[in-house]
Amino acid sequence: MTKLSELPSFRIHLSQLLQQAALTLQIKSTLYIEISRTKQASHGDYSCNLAMQLAKALHKSPREIAGMLINAMPESAYVERIEVAGAGFINFFIRNDAKRIYLKHILQSGDSYGVSSFGDGEKIQVEFVSANPTGPLHVGHGRGAAFGASLANVLSKAGFSVTREFYVNDAGRQMDILALSAWLRYLALNQVSIPFPENAYQGAYVKDMARLIYEAHGDRYVHQPGLLLDGLPEAAHETAISTDEQLDRMIATAKKILGQDYAYIHNFVLTEQLGDCRNDLMEFGVEFDVWFSEQSLFDNGLVARAVRLLDEKKHLYRQDGALWFRSTEFGDEKDRVVQRENGHYTYFASDIAYHLNKFERGFDRVINVWGADHHGYIPRIKGALQALEQDPDNLKIALVQFAVLYRDGIKAPMSTRSGEFVTLRELRNEVGNDAARFFYVMRKSDQHLDFDLDLAKSQSNENPVYYVQYAHARICSVLAQWDGDAAMLVDADTGLLTSPAELALLQCLIDFPDIIETAAQELSPHVIAFYLRELASEFHSYYNSTHFLVPEVPIMEARLALVTSIRHVLKSGLELLGVNAPEKM
RNA sequence: GUGCCCGUAGCUCAAUCGGAUAGAGCACCAGCCUUCUAAGCUGGGGGUUACAGGUUCGAUCCCUGUCGGGCACGCCA
């Protein structure tokens with residue numbers, strides 16, 4: 001049995017041939033020899049632009065250099081012929097029987113085909129979603145979830161050791177607002193009427209949580225809410241106090257009134273929302289290895305430690321009573337506060353501690369999937385890492401543009417606070433998990449995504465995901481009707497596959513590992529989605545032009561070997577995107 | 001106002017980090033089911049890559065400017 005490692009990677013092989021040639025010709029160059037796939041069959045299978053890049057340094061024409069390189073190249077069992085074309089491209093034509101070796105490999109390795117050692121076991125963390133647990137996930141979070149999960153899968157398949165992490169913002173003001181909101185709704189259930197602030201959480205889920213508390217504990221948490229009103233100005237318009245400040249005062253008063261019981265309410269709403277979030281994501285096929293608590297950073301003294309470390313390295317100064325980090329020295333637009341005048345650490349401070357902690361946990365590389373609206377935050381967090389003597393280049397930020405939701409051709413409102421948004425759950429129920437996962441990663445992540453709800457809902461059958469799934473189901477159907485032993489196909493005479501369609505499909509299958517590598521390198525799972533459409537398209541075309549279950553057994557087996565290989569690749573590709581590969585549709 | 005991102009077919013988006021004749025889907029038009037699933041296939045029209053310069057063998061990609069759009073600019077998280 002042949003091992004996977006013996007598979008000829010044509011790209012690596014060709015680049016080695018060129019390297020040999022350059023050595024023979026005594027060409028000294030640090031140029032990276034890039035082998036790329038061609039777009040046209042007349043240009044062969046792979047091409048290289050090395051000759052053109054060398055032209056200037058060598059004072060020769062690109063075509064001349066290309067000819068020299070070709071002559072100096074060692075013989076190869078895989079290469080049928082090499083041509084100079086155009087301005088000086090070196091085009092490689094791979095022998096068909098060399099390509100056919102792949103079929104046997106794919107059939108032997110099955111769904112694990114495409115696994116590579118590209119990542120070399122490097123420890124890499126992907127942190128994504130990390131939504132405030134203050135309400136249901138909405139369609140914007142859905143994109144980050146689909147992107148992050150697919151990216152993590154791709155990296156894993158490409159040979160990285162991946163940890164999926166969710167950062168739980170359980171320590172901030174937003175959580176306090178949620179706790180207050182739930183308590184106020186709870187008081188209302190106890191016939192204690194206090195005006196509900198506009199900037200508190202309005203969603204129905206808050207009332208649901210209040211009811212749960214009420215049903216379990218009756219009036220136990222009512223206490224003396226009158227104080228809540230006493231602590232407030234009778235009418236906001238009489239003072240210059242902002243509604244935000246008003247809310248903060250209500251929170252402070254609530255904490256005072258409730259005492260120990262505040263922790264119960266706070267913890268209850270956090271647990272509820274986090275549990276809901278986890279369920280939602282699990283149903284979406286998105287799972288995490290680590291749920292990292294922001295509060296734990298405070299509890300373990302890591303925030304204070306991070307600030308102290310910055311201070312020891314003389315990157316902090318005090319001004320207007322607050323403690324500032326000199327982020328301007330690291331390329332930021334302005335310095336940033338890490339500890340406020342009132343002694344509280346800022347979110348930035350805990351974020352510094354968090355990111356330092358990531359690297360101290362031993363990750364070689366860290367990828368943060370952020371909403372694009374956070375782009376201004378990048379310089380300061382990288383600056384802080386640099387100040388703490390970590391290499392900021394080991395932190396990659398993958399910015400995901402928000403999905404803009406359209407309903408009836410109009411931009412739909414998306415405010416969590418007001419409760420007017422389309423939840424991820426709603427979307428999943430409407431269009432299905434598969435369509436949602438695929439749709440989310442069909443586009444490059446840093447492009448805006450126009451999510452037309454009406455289109456997604458009403459025309460869900462025309463969603464591109466079905467096209468790929470259909471190809472898989474068709475193959476399964478054919479194999480079921482054949483009713484033979486799939487293991488036998490490894491020995492099929494693949495030399496009988498000679499049509500242009502068959503050779504094109506073969507090449508498409510050979511590309512799969514390269515596609516995964518590209519997707520991993522560029523943090524772009526969308527190339528998987530595009531690849532799968534391409535492969536499905538080639539297959540559907542082949543299916544319509546060629547009958548598989550023919551009387552001539554050797555031909556039938558050869559075609560079934562090809563088709564079964566396609567099935568493996570479709571399945572593992574869809575798996576990367578978290579999409580099912582149904583056997584029937 | 002300052003900074004970052006974006007502008008590609010009627011619409012939604014690609015284009016292997018500077019490569020060869022810029023590609024798909026949707027929509028539109030014309031065909032294909034007595035045969036392994038028509039959620040499919042075949043063919044067709046569609047473009048001065050916002051605009052104007054520049055860099056070089058070669059530009060959708062890099063530089064400058066203009067126009068248009070998005071986002072960010074707190075001792076919020």
Side-chain angles (χ1 to χ4, degrees), chain A residues 34-40 42-43 47 49 52-53 55-56 61-63 85-89 91 132 134 169 171-175 177 244 248 294 319-324 333-334 336-348 350-351 371-379 399 401-402 404 442-444 446-452 455 459-471 473-482 511 514-515 517-518 521-522 524 526-527 529-530 533-534 536-537 539-550 556 559-560 563 584-585:
Chain A
E34 189 174 333
I35 308 291
S36 46
R37 281 294 323 280
T38 57
K39 288 175 186 165
Q40 293 175 54
S42 63
H43 294 156
S47 80
N49 62 358
M52 288 176 282
Q53 292 180 312
K56 196 170 239 178
S61 82
R63 291 190 67 102
F89 290 99
N91 291 339
N132 277 338
T134 53
N169 296 114
R173 176 171 178 263
Q174 296 305 321
M175 278 309 301
I177 297 175
D244 264 356
D248 284 338
E294 180 189 6
Q319 183 180 307
D320 303 332
L323 204 55
W324 298 72
E333 292 171 5
K334 54 169 290 193
R336 310 288 174 176
V337 172
V338 291
Q339 191 176 26
R340 297 201 287 265
E341 196 178 356
N342 63 14
H344 288 106
Y345 290 110
T346 58
Y347 177 84
F348 180 42
S350 53
D351 236 13
D373 53 334
H374 286 75
H375 71 263
Y377 198 73
I378 298 173
L399 290 179
Q401 290 283 351
F402 274 126
V404 184
M442 269 297 289
R443 277 140 188 82
K444 217 158 57 175
D446 60 358
Q447 288 289 350
H448 279 101
L449 170 60
D450 283 350
F451 211 121
D452 188 329
L455 187 78
Q459 303 190 358
S460 62
N461 276 356
E462 292 172 15
N463 197 298
V465 68
Y466 294 104
Y467 185 77
V468 179
Q469 289 181 317
Y470 187 49
R474 268 183 155 176
I475 295 172
C476 291
S477 174
V478 170
L479 293 174
Q481 285 168 66
W482 168 53
D511 288 338
D514 287 340
I515 293 291
E517 212 173 286
T518 303
Q521 197 161 20
E522 296 178 13
S524 300
H526 80 275
V527 306
F530 277 90
R533 283 180 54 112
E534 174 69 28
S537 168
F539 167 75
H540 283 309
S541 180
Y542 180 48
Y543 180 92
N544 275 274
S545 70
T546 310
H547 208 76
F548 308 151
L549 300 175
V550 291
M556 176 188 73
R559 288 177 182 168
L560 289 179
V563 158
K584 281 182 185 164
M585 284 177 74

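Numbered from 1 within each chain, the chains take letters A, B, ... in sequence-line order. These numbers come from a predicted model, not from an experiment. The figures here come from the full heavy-atom set of this structure, side chains too, leaving out hydrogens, waters and symmetry mates.
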Between C1' of G7(B) and CD of Q401(A), the distance in whole Å: 13 Å

Stacking check H547(A) vs C36(B) (5.5 Å / 30 deg): yes

Polar pair under 3.5 Å, donor/acceptor by atom type, side chain N91(A), base A20(B): yes

Spacing between I475(A) atom CD1 and C36(B) atom P, to the nearest angstrom: 16 Å

Touch class at under 4.0 angstrom, heavy-atom based, for N132(A) against every strand present: sugar-phosphate

Polar contact flag, side-chain donor to acceptor under 3.5 angstrom, H547(A)-R559(A): no

d(NE2, H540(A); P, G25(B)) in whole Å: 12 Å

C1'-based separation of G7(B) from G19(B) [nearest Å]: 23 Å

Sugar-phosphate only, base, or nothing, as touched by R533(A) at under 4.0 Å among non-hydrogen atoms: sugar-phosphate

Sugar-phosphate, base or nothing in reach of A322(A), heavy atoms under 4.0 Å: base

Test item: side-chain donor near acceptor, E522(A) and T518(A), under 3.5 Å: no

OP1 or OP2 of C75(B) under 4.0 Å from side-chain N/O of K334(A): yes

Stacking of H375(A) on A72(B) base (centres under 5.5 Å, planes under 30°): no

Candidate nucleotides G40(B), G19(B), U16(B), ranked by approach to the side chain of Y470(A) - the nearest: G40(B)

Separation of U42(B) P from F539(A) CZ (nearest whole Å): 13 Å

Distance-only donor-acceptor test (3.5 Å): side chain S47(A), base A20(B): yes

Sugar-phosphate only, base, or nothing, as touched by E522(A) at under 4.0 Å among non-hydrogen atoms: base

Spacing between K584(A) atom NZ and A39(B) atom C1', to the nearest angstrom: 17 Å

Rounded interatomic separation in angstrom, taking CD from E341(A) and P from C76(B): 11 Å

Short side-chain donor-acceptor distance under 3.5 Å, T134(A) and Q174(A): no

Sugar-phosphate, base or nothing in reach of Q521(A), heavy atoms under 4.0 Å: nothing

Ring centroids of F89(A) and A20(B) base under 5.5 Å with planes under 30°: yes

Sugar-phosphate, base or nothing in reach of Q339(A), heavy atoms under 4.0 Å: nothing

side-chain N/O R474(A) vs A38(B) OP1/OP2, d < 4.0 Å: yes

Atom pair distance, as rounded to whole Å: NZ in K39(A) and C1' in A24(B): 13 Å

Whole-Å gap separating P (C76(B)) and CG (D248(A)): 9 Å

Ring geometry between Y377(A) and F348(A) (parallel below 30°, tilted from 30 to 60°, perpendicular above 60°): perpendicular

Closest to side chain of F530(A), choosing from A14(B), C41(B), A24(B): A14(B)

Sugar-phosphate, base or nothing in reach of N169(A), heavy atoms under 4.0 Å: nothing

Touch class at under 4.0 angstrom, heavy-atom based, for H344(A) against every strand present: nothing

Sugar-phosphate, base or nothing in reach of F348(A), heavy atoms under 4.0 Å: nothing

